[in-house]
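The structure appears right after this line, and notes come after that.
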Amino acid sequence: MKRKTLFIILATLVLSLTSCAMSTDEIATYLTSINSSYQNGAYEQAQTEIEKLNKSTKNMTEEQKSKYEELQPLIEYATQKSGEINNALNDAQSLCDQKMYYEANQALDKISTDYKIPPTEQKKFDEEKTTAENGIKSVKITDALKNVETIYNGGDYDKATEELSKIDTSNLTDAQSQKYQSLQTNIANAKAAAEKAVAEKAAAEAKAKQGISKSQAENLVLNTFDRSDGIELKCSVYDQSSSCYYVRVFWHNDYTDNYNLVGDYIVDRFTGAVTKN
């Protein structure tokens, strides 16, 4: 009687243990659920679920066992480390919010070195990394625009144009875009004004080399006389050299209606200086 009772108890235990084990199809469904929990950041739930599979490892296919062995350490690590990782990511986000992009980028690099980042945290990591990198690009663009403005204010318009052309305009902020366009317009206008000034200077120098004209020389001589007495004067260039004009001046005699000689003058062709000959 005692042996029969013991046999029944053992049979019941074996049946109970057997009933706890899952079928292959149930294991496949369970693994899918566990992976979904892990990918969505429900690490403790995934940990609880994967522990239930421990009793069913003998019923797993090779593929299921491989997946089980892959997930088990990942879930255990995520359960243990996700809190630390999230705290570090929050610190990096805070640095980004303060526009401390270089510091945020360094903090994120340290996270990627120190941890094996789980899926949910990886998404946040990627977002903060993009924010930090874009922030650094924006800081560099602002610095580049300031550099162009400094060069422009120094009068080196060609260099300013060259440096402005190096700036990536694909992701400018509104303020940066306005600054870029303003510099572009100002540099172009300044270059045009400078080129015009050079051209005008060259023309003036060329004209100076040619010297004043005959009519200008005659006017310069007449302007040396006091015309308040109303006497009519006239003059004409009677000779010239490479450096001067020779001008003769006459005054009109109202009684005889003739022109009488006043004198001869020399006019420097390049300076316009008038001297009596």
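- Within a 6.0 Å radius of NZ in Lys140, no more than 12 heavy atoms belonging to other residues, nucleotides or ligands are found.
- Figure legend: Lys52 and Tyr30 shown without cation-pi pairing, the cationic atom not lying both under 6.0 angstrom from the six-membered ring centre and within 45 degrees of its axis.
- Other residues, nucleotides and ligands contribute only 12 or fewer heavy atoms inside 6.0 Å of the CG atom of Asp174.
- In the model, Tyr43 has no side-chain atom that pairs as donor or acceptor with a side-chain atom of Gln80 under 3.5 Å.
- No side-chain N or O of Asn260 forms a donor-acceptor pair with one of His252 less than 3.5 Å apart.
- Ring geometry for Tyr265 versus Phe225: interplanar angle over 60°, hence perpendicular rather than tilted (30 to 60°).
- Other residues, nucleotides and ligands place more than 12 heavy atoms under 6.0 Å from the NZ atom of Lys166.
- Glu127 has no carboxylate O lying under 4.0 Å from a charged side-chain N of Lys124, or vice versa, which leaves the two without a salt bridge.
- Figure legend: cation-pi geometry between Lys81 and Tyr115 absent, as NZ or CZ is not positioned both under 6.0 Å from the six-membered ring centre and within 45° of its axis.
- Between the side chain of Asn54 and the backbone N or O of Glu51, at least one donor-acceptor pair lies under 3.5 Å.
- In the displayed structure, Asn171 atom CG is contacted under 6.0 Å by at most 12 heavy atoms of other residues, nucleotides or ligands.
- The stretch residues 175-203 participates, sequence neighbours left out, in these salt bridge (charged side-chain N to carboxylate O under 4.0 Å, His left out) pairs: Glu149-Lys179, Asp158-Lys191.
- In this structure, the side chains of Met60 and Thr57 come closer than 4.5 Å at one or more pairs of heavy atoms.
- In this structure, a donor-acceptor pair under 3.5 Å is absent between the side chains of Gln178 and Ser182.
- Residues Gln122 and Asp126 have side chains that bring a donor and an acceptor to within less than 3.5 angstrom of each other.
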List the steps, then state whether salt bridge (Lys or Arg N to Asp or Glu O under 4.0 Å) holds for Glu63 with Lys67.
CA-CA 6 Å; Glu63 183 179 352; Lys67 186 66 176 177; over 6 Å; no
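- Of the residues listed (Glu26, Gln64, Glu49), the one engaging Leu31 in a side-chain contact (heavy atoms from CB on, under 4.5 Å) is Gln64, and it is the only one.
- Salt-bridge annotation for Glu133 and Lys137: absent, with no side-chain N of the basic residue lying under 4.0 Å from a carboxylate O of the acidic one.
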